[in-house]
Number of protein chains: 2
Amino acid sequence: MLMHNPPHPGEVIKELCLEPLELSVTKAAEGLGVSRKTLSSIINGKSGISPEMAVRLSIAFDTSSESWLNQQTQYDLWQAEQHRKELRVKRLSAA
Amino acid sequence: MLMHNPPHPGEVIKELCLEPLELSVTKAAEGLGVSRKTLSSIINGKSGISPEMAVRLSIAFDTSSESWLNQQTQYDLWQAEQHRKELRVKRLSAA
DNA sequence: AAAAGCGTAACCCGTTACGTTGCACTTCGC
DNA sequence: GCGAAGTGCAACGTAACGGGTTACGCTTTT
């Protein structure tokens with residue numbers, strides 16, 4: 001169970017990848033092989049990191065694709081957990 | 001980096017949740033609050049486990065939603081990694 | 001044989017990632 | 001002041017996917 005709101009994975013990209021290398025969104029998008037808008041959407045929290053994008057990031061920044069996608073998973077899961085009480089689900093476990 | 005093809009998360013649901021409790025797809029779907037088809041699609045690998053479904057599973061089977069969604073992430077990532085070489089991405093890291 | 005329950009394929013809908021184009025805004029250098 | 005570059009954003013379209021409803025085939029039960 002996660003305790004606090006995880007940041008947009010896009011923020012992490014901006015802070016850990018673009019800013020240290022002084023890369024513009026345009027340049028980074030070009031290098032990643034996606035459109036400017038696609039990267040911009042991710043950085044601004046409008047879109048999530050897709051599995052393919054995770055692989056692109058891993059190539060461009062020599063990191064692990066798993067870490068990127070896990071960040072996105074944690075973020076999505078936190079969103080879903082916020083509505084846990086609204087789900088009408090019966091307990092099916094051995095109990 | 002993952003070494004071998006991870007199983008469909010749906011297979012795990014079937015083997016670890018339904019069969020031990022002798023639950024039919026219909027009964028399990030009813031308990032989870034989704035349609036028969038939705039659960040059937042997951043079990044047969046046609047659909048993945050969504051964040052919301054992960055929370056449903058965690059409630060119904062008293063497990064962690066994180067583990068379910070991570071399984072899905074690993075599966076999706078393995079699929080994406082299979083096309084790693086086809087992506088035209090430039091190295092942007094310090095190197 | 002008729003009825004009931006089960007699993008799944010077919011079809012439609014809403015959402016999302018992604019691309020393209022265009023526009024408005026800011027920040028530079030001239 | 002002016003143009004170029006960078007950025008964000010809205011609107012269009014495409015493709016893929018999760019989910020519901022319906023309908024069909026199969027098995028089991030009565």
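Worth knowing before you read on, the calculation uses all heavy atoms, side chains too, and leaves out hydrogens, waters and symmetry mates. In what follows, chains carry the letters A, B, and so on, assigned in the order in which the sequence lines appear, proteins first and then strands, with residues in each chain numbered from 1. Note that this is a predicted model, so its numbers are computed, not measured.
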B:E11 and B:K14: salt bridge (charged side-chain N to carboxylate O under 4.0 Å, His left out), yes or no, with the steps? CA-CA 5 Å; B:E11 291 181 22; B:K14 186 176 182 180; over 6 Å; no
Applying salt bridge (charged side-chain N to carboxylate O under 4.0 Å, His left out), name anything that partners A:E30, two or more places apart in sequence or on another chain. B:K90
Rounded distance in Å - CG (A:L23) to P (D:dA5): 18 Å
Quick check on D:dG8: is either OP1 or OP2 less than 4.0 Å from any side-chain nitrogen or oxygen of A:S40? yes
In whole Å, what is the span from the CD atom of A:E19 to the P atom of D:dG6? 17 Å
Starting at CG of B:L32 and ending at P of D:dG18, how long is that distance when rounded to a whole Å? 16 Å
Would you mind reading off the distance between A:E30 atom CD and D:dG6 atom C1', rounded to a whole angstrom? 13 Å
Reckon B:S41 has a side-chain N or O less than 4.0 Å from the OP1 or OP2 of C:dT8? no
B:S47 side chain N/O closer than 4.0 Å to the phosphate oxygens (OP1, OP2) of D:dG19? no
Applying ring-ring contact (aromatic ring centres under 6.0 Å, His included) as the test, list every pair that has at least one member in residues 17-44 of chain A; sequence neighbours left out. none
For nucleotides 20-26 of chain D, print each protein N/O atom paired with a nucleotide N/O atom at under 3.5 Å, atom names and distance only.
| residue | atom | partner | partner atom | Å |
| --- | --- | --- | --- | --- |
| D:dG20 | OP2 | B:S35 | N | 3.2 |
| D:dG20 | OP2 | B:S35 | OG | 3.1 |
| D:dG20 | OP2 | B:T38 | OG1 | 2.4 |

Considering only residues two or more places apart or on different chains, which pairs with a residue in residues 31-58 of chain A satisfy salt bridge (Lys or Arg N to Asp or Glu O under 4.0 Å)? A:E52-A:R56
Choosing from D:dG6, C:dT8, C:dC18, which nucleotide comes nearest the side chain of A:M53? C:dC18
Can you run down the ring-ring contact (aromatic ring centres under 6.0 Å, His included) pairs that involve residues 6-45 of chain A, sequence neighbours left out, and say none if there aren't any? A:H8-A:Y75
From CZ of B:R88 across to C1' of C:dG19 the rounded distance in Å is 14 Å
Quick check on C:dT8: is either OP1 or OP2 less than 4.0 Å from any side-chain nitrogen or oxygen of B:N44? yes
Please check the phosphate of C:dG5 (OP1 and OP2 only) for any side-chain N or O of B:T26 closer than 4.0 Å. no
Between B:S24 and A:L39, whichever has its closest DNA chain C nucleotide further toward 5' is B:S24
Atom-pair distance (CD on A:Q72; P on C:dT16), nearest Å: 12 Å
I want to confirm an ordering. Mapping B:G48 and A:K14 to their closest nucleotides on DNA chain D, which one lands closer to the 5' end? A:K14
When the distance from CG of B:L57 to P of D:dG18 is rounded to whole Å, what number comes out? 14 Å
How many whole angstroms separate atom CD1 of B:I49 from atom P of D:dG18? 10 Å
Where at least one partner belongs to residues 49-74 of chain B, residue pairs that pass ring-ring contact (aromatic ring centres under 6.0 Å, His included), sequence neighbours excluded: none
Distance-only side-chain donor-acceptor flag, B:D76 / B:Q72, under 3.5 Å: yes
Please determine if a side-chain N or O atom of B:K46 lies less than 4.0 Å away from the OP1 or OP2 oxygen of C:dA9. yes
